[in-house]
Undergrad: 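Below is one structure. I have some questions about it.
Values reported hereafter were calculated over all heavy atoms of this structure, with side chains retained and with hydrogens, waters and symmetry mates removed.
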Amino acid sequence: MTDMVVDGAGAAAAAPDAAGPAQPAPEAEQPSVPLTYSIHSCSSHSAAFHPNNILYDRPSDQTSRWSSGSNNPPQYILLELETPAVVRRIRFGKYEKQHVCNVKEFEVYGGLKMSNFTHLIRSGLKNDSIPEDFDLPTTVSGVVMPVKYIKVVPLVAWGSRSAPFNFSIWHVALQGVSDPTYVTAKISAFEDLQHHEAVRLCLKYFRQRNFPDSFERLQKRTRISLEAPILTDLYAALVTEGAFAQAEQRLLDALNSGILSEYLSKFKYTPEWTLLRTVREDGTPQDRAETPGMRGGHQMCIDSGAAYVYLFGGWDGKSELGDFWRYSILNNRWDQLSANTRDDGGPDARSCHKMVFDPATKKLFVLGKYSDAREASERQRNELYCYTIEKGTWECLMDDTAAHGGPELIYDHQMCLDPETSVIYVFGGRKLVHGAQDSKLFSGLYRYDCRANVWELLREDGAVGDDDIPLTSRIGHSMLHDSVAGTLMIIAGQREKRFLADFHKYTIDSGKLELISEDCSKQDGPFPGFTQRATIDLQKREAYVLSGLIKSPETDTKTSKVRNSLWVYDIARNKWYCAYENDNTEPEYWSKMDKVEPCPRFAHQFVYDDMTKTHYLFGGNAGEVQGKHNRLSDFWKLRLNRPTIEAITSRCQYLIRRQQFREMCRDNPKNAMRFLQSDLSAAVNHDDPEQSREFQALTASLFSARTEPSTSTTFDDRTALFEELITYFPAHMKQPQTNLVDLIKITGDSTEIPPRPTK
């Protein structure tokens, strides 16, 4: 298959002004049914573990599995469906115990013919006894793709770290649409798409080989466009005519029209960490007594409009803290607002509480705290405090929220605030009930109207609404308020001893709960984790999750570790990717890197300034990196950088002018020198060492110009430039990425040299 990219892999469907064929109106949802298959073939198998074993789900039978006869790649098992179908889901059954041969990572391919497979997913399996389901993408370039064959390719076994174990798959079940009328129609539409793409490949080949007559005849006969009209015009100006000024203007007009948004959204961020060294008013460094000390389990929130970060409480490894601080972003300075908020009419010292900021009223709200359930006194209640910034005063709004319809005393919950309505949402956390030993009661989902001073219970722990989805409470999770969509985003956390990686969205108006993912790590998202910290950018429609304690596929299911990673979630595209990761946990390494990037940690705080697009990180528990009782007091700023529109347009200008300069060197070196010093120099960022060196090296072209310019070389150079420039355009606007010649398989028969004639 050429560039018919699986839509689930991130490619957009063909746009009207691009090369895709017109698509029929969406059809009614077809029900999924179990699909019958047989084993077509496999790469190898051990004598006792025949591939037919995977047809049966027998988790207690140690022999009921396919086991490869080797671990040398590629190993695979090929399933042949009874009839072509649209396969929507694949399930992997497992053995009742962990096993070293269990598949850890795998890929799945699908196709109508054995000669043409499309990559569907790459994911991983846990080394446990719980069956796992994976949704398979069903469309390619907007067209439904039926398959006859499913190919499962194991990549890594769980025991491969200690020894080269073979792969075992215990059971596979498929679900999808098998209705003959529906599938036959989809096969026809899919074959039309294949023919359409074949024509586009031929058009690309004719143009690359500079066969304009063949190109025009094929395009006229088929009425199929190679690309969007704007790119055809760019090609004509740049490659055919060599009208560089016109080509530059057309390209810049296109780039500035908004088409770069898709390219930039797929471009991964580059993290830039900065250790903040705060200063006094006179510019001298603040000492430790003038800044917050080491702690974990504290709270921070940010007032982006006034450029202040607030920090309250925490645990320093020995005692609860009640100090209250404000950081000025503009002045890079900490100020202590209170050494002990209890003395100022505020909350007592605490940790594992939550604090939110209301930009409308300029108030901070504090709720909850940790307390050992075995030491909980009858007087302990869940107090709600409010700090009015303009007055600098604390007020206890309620001394017992449970008595007013709110939650009981809780800790490690989550809170977020709707700035338009001044409504606070509280979810999860562990209840602390007087007299209970080792209490494991979890709190539900509540809303608090700050203006009306009224609590409301929205859902109890485990309650099921009309959506038939239980809302399972947890601790150490993340929760974000998406005011654009009117939803709460609930991510990961811990329930009892189990680390979670699920992702739910709760629609506030309807009360509907939606399960976005049972395990984000299977969709390239965060691993199961505790005290992961999340922020949101409503303008960019992105959420950010900084890791804490995690359980990753690299560890067994009983072990957690502290790991540095930052994940970005594209809300509109429902896509995760890792923007930053550092797996090193050696103390010696981090002692050298302590001024370069923060060491791994949990129980930290992470806030986001949506005006300057900057994150701030303070403190936490370094765990295994620096000792389990060593809290941190470092303060970091994080910027996530990606190319800007200005940088891309400047780069494109430079590339076009560089080609123009090289051609001028062959025709008129004197004019080329003037062009180099003026037009080309203006498109170079001379502060960038790499660009500056590249620019200086161009002067050599003046002395190595050909005496007779080659037409074919000029055409090839311009074509290469055109293909570099269109990388910034969305996939649905461009020519196919695949080249026709790369699909040609030359067999031994076709390459035989004719025998020399005998005398």
Side-chain angles (χ1 to χ4, degrees), residues 6-10 29 32 88-91 120-124 126 130 132-139 175 265-266 414 416 418 425 427-428 444-445 458-459 461-474 476-495 498-530 532-538 540-547 550-553 565-579:
V6 174
D7 294 339
E29 179 71 15
S32 290
R88 290 174 171 167
R89 175 170 290 194
I90 184 170
R91 162 171 284 204
L120 299 178
I121 60 166
R122 174 170 179 157
S123 193
K126 298 175 183 177
I130 302 173
E132 294 188 60
D133 295 332
F134 298 85
D135 291 331
L136 301 179
T138 58
T139 59
Q175 276 197 335
S265 68
K266 295 180 180 179
Q414 270 300 335
C416 55
D418 181 348
Y425 296 92
F427 173 62
L445 174 63
L458 300 178
R459 280 207 195 186
D461 171 30
V464 178
D466 295 338
D467 43 57
D468 293 328
I469 300 175
L471 181 58
T472 304
S473 296
R474 70 276 312 271
H477 50 293
S478 298
M479 184 169 73
L480 299 169
H481 177 256
D482 181 355
S483 59
V484 175
T487 59
L488 300 175
M489 302 165 61
I490 301 168
I491 306 169
Q494 183 179 3
R495 176 78 181 207
R498 183 164 59 97
F499 279 23
L500 307 174
D502 55 349
F503 179 16
H504 291 81
K505 285 187 181 180
Y506 177 85
T507 302
I508 294 170
D509 288 343
S510 66
K512 179 182 178 182
L513 185 66
E514 180 183 4
L515 177 62
I516 305 301
S517 174
E518 293 182 0
D519 187 345
C520 290
S521 64
K522 293 181 180 178
Q523 282 77 46
D524 300 321
F527 297 118
F530 173 73
Q532 294 174 337
R533 304 307 187 198
T535 61
I536 189 169
D537 189 312
L538 296 174
K540 293 184 177 181
R541 306 297 294 141
E542 291 178 337
Y544 314 96
V545 177
L546 183 66
S547 61
I550 65 167
K551 290 186 178 178
S552 71
S565 57
L566 178 70
W567 306 84
V568 180
Y569 176 65
D570 186 321
I571 298 173
R573 297 171 58 225
N574 189 28
K575 292 290 181 182
W576 289 96
Y577 73 85
C578 184

Undergrad: Looking only at heavy atoms, which two atoms of A492 and H477 are closest? And how far apart?
TA: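 Smallest interatomic distance, heavy atoms only, reads O-CB, 3.2 Å.
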Undergrad: With rounding to the nearest 0.5 angstrom, report the CD to CG distance, Q532 to L546.
TA: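 Nearest 0.5 Å value for the CD-CG distance: 8.5 Å.
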Undergrad: How close do F499 and G529 get, counting heavy atoms only, and between which atoms?
TA: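 In this case the closest contact between F499 and G529 is CD2-CA, 4.0 Å.
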Undergrad: Let me know which of F503, Y544, F527 forms a ring-ring contact (aromatic ring centres under 6.0 Å, His included) with W567.
TA: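 The single option meeting the ring-ring contact (aromatic ring centres under 6.0 Å, His included) with W567 is F527.
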Undergrad: Within the distance-only criterion (no hydrogens, no angle test), does the side chain of S32 pair as donor or acceptor with the backbone N or O of Q175 below 3.5 angstrom?
TA: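 Side chain of S32 to backbone of Q175: no pair is present.
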Undergrad: Check whether any side-chain heavy atom of F427 lies under 4.5 Å from a side-chain heavy atom of I490, and answer yes or no.
TA: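 They are in contact (side-chain heavy atoms under 4.5 Å apart), so the answer is yes.
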Undergrad: Where is the tightest heavy-atom contact between L480 and T535, given as atom of each residue plus distance?
TA: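 Where L480 meets T535 most closely, the heavy atoms are CD1-O, 3.5 Å.
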Undergrad: Hey, does the side chain of E542 reach the backbone of V568 with a donor-acceptor pair shorter than 3.5 angstrom?
TA: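 Side chain of E542 to backbone of V568: no pair is present.
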Undergrad: Y506: what forms a ring pair (Phe, Tyr, Trp, His ring centres under 6.0 Å) with it, not counting sequence neighbours?
TA: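 If we apply the ring pair (Phe, Tyr, Trp, His ring centres under 6.0 Å) test to Y506, skipping adjacent residues, there are no hits.
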Undergrad: What I'd like to find out is whether the side chain of E514 reaches to under 4.5 Å of the side chain of T487, using heavy atoms alone.
TA: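 In short, these two side chains do not touch, never coming nearer than 4.5 Å.
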Undergrad: I'd like to know whether N574 forms a side-chain contact (heavy atoms from CB on, under 4.5 Å) with Y569, so could you lay out the CA-CA distance, the side-chain angles of the two residues, the decisive distance to 0.1 Å, and finally the verdict.
TA: CA-CA 7 Å; N574 189 28; Y569 176 65; 2.7 Å; yes
Undergrad: Check whether any side-chain heavy atom of R459 lies under 4.5 Å from a side-chain heavy atom of L513, and answer yes or no.
TA: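 Sidechains of L513 and R459: in contact.
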Undergrad: Which distance, rounded to the nearest 0.5 Å, do you find between the CE of M479 and the OH of Y425?
TA: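 Separation between the atoms: 9.5 Å.
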Undergrad: Side chains of K126 and E132: closer than 4.5 Å at any heavy-atom pair?
TA: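 With C-beta onward as the side chain, the pair touches.
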Undergrad: Do K505 and D482 sit within salt-bridge range, that is, some charged N less than 4.0 Å from a carboxylate O?
TA: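 Here K505 does not pair with D482 in a salt bridge, since their nearest N and O are not under 4.0 Å apart.
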Undergrad: Strictly distance-based, threshold 3.5 Å: is any side-chain N or O of R474 a donor or acceptor partner for the main-chain N or O of T472?
TA: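 Yes; at least one donor-acceptor contact below 3.5 Å.
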Undergrad: Could you report the tightest heavy-atom contact between S517 and C520, atom names first, then the distance?
TA: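 For S517 versus C520, the nearest heavy atoms are OG-N, 3.4 Å.
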Undergrad: Under the criterion side-chain contact (heavy atoms from CB on, under 4.5 Å), I'd like the reasoning laid out for I516 against M489: C-alpha separation, chi angles, the key distance, then a yes or no.
TA: CA-CA 10 Å; I516 305 301; M489 302 165 61; over 6 Å; no
Undergrad: Can you tell me how far CG of L488 sits from SG of C416, rounded to the nearest 0.5 angstrom?
TA: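 CG of L488 is found 5.0 Å from SG of C416.
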Undergrad: Is it true that R495 and D502 make a salt bridge, defined as a side-chain N closer than 4.0 Å to a carboxylate O?
TA: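 No, no charged N to carboxylate O under 4.0 Å.
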Undergrad: Check salt bridge (charged side-chain N to carboxylate O under 4.0 Å, His left out) between D418 and all other residues, then give those that pass, not counting sequence neighbours.
TA: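 Partners of D418 under the salt bridge (charged side-chain N to carboxylate O under 4.0 Å, His left out) test: none.
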Undergrad: Run the side-chain contact (heavy atoms from CB on, under 4.5 Å) test on D524 and Y577 for me, step by step, so that the C-alpha distance in whole Å, both residues' side-chain angles and the decisive distance to 0.1 Å come before the verdict.
TA: CA-CA 6 Å; D524 300 321; Y577 73 85; 5.7 Å; no
Undergrad: Give the intermediate values and the outcome of side-chain contact (heavy atoms from CB on, under 4.5 Å) for residues I571 and I536.
TA: CA-CA 10 Å; I571 298 173; I536 189 169; 4.0 Å; yes
Undergrad: List the atom of Q494, the atom of F530, and the distance in Å for their closest heavy-atom pair.
TA: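 Minimum heavy-atom contact is OE1-CD1, 3.3 Å.
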Undergrad: Please find the pair of heavy atoms, one from L515 and one from E518, that lie closest to each other, and give the distance.
TA: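 Nearest heavy atoms, L515 then E518: CD2-CG, 3.4 Å.
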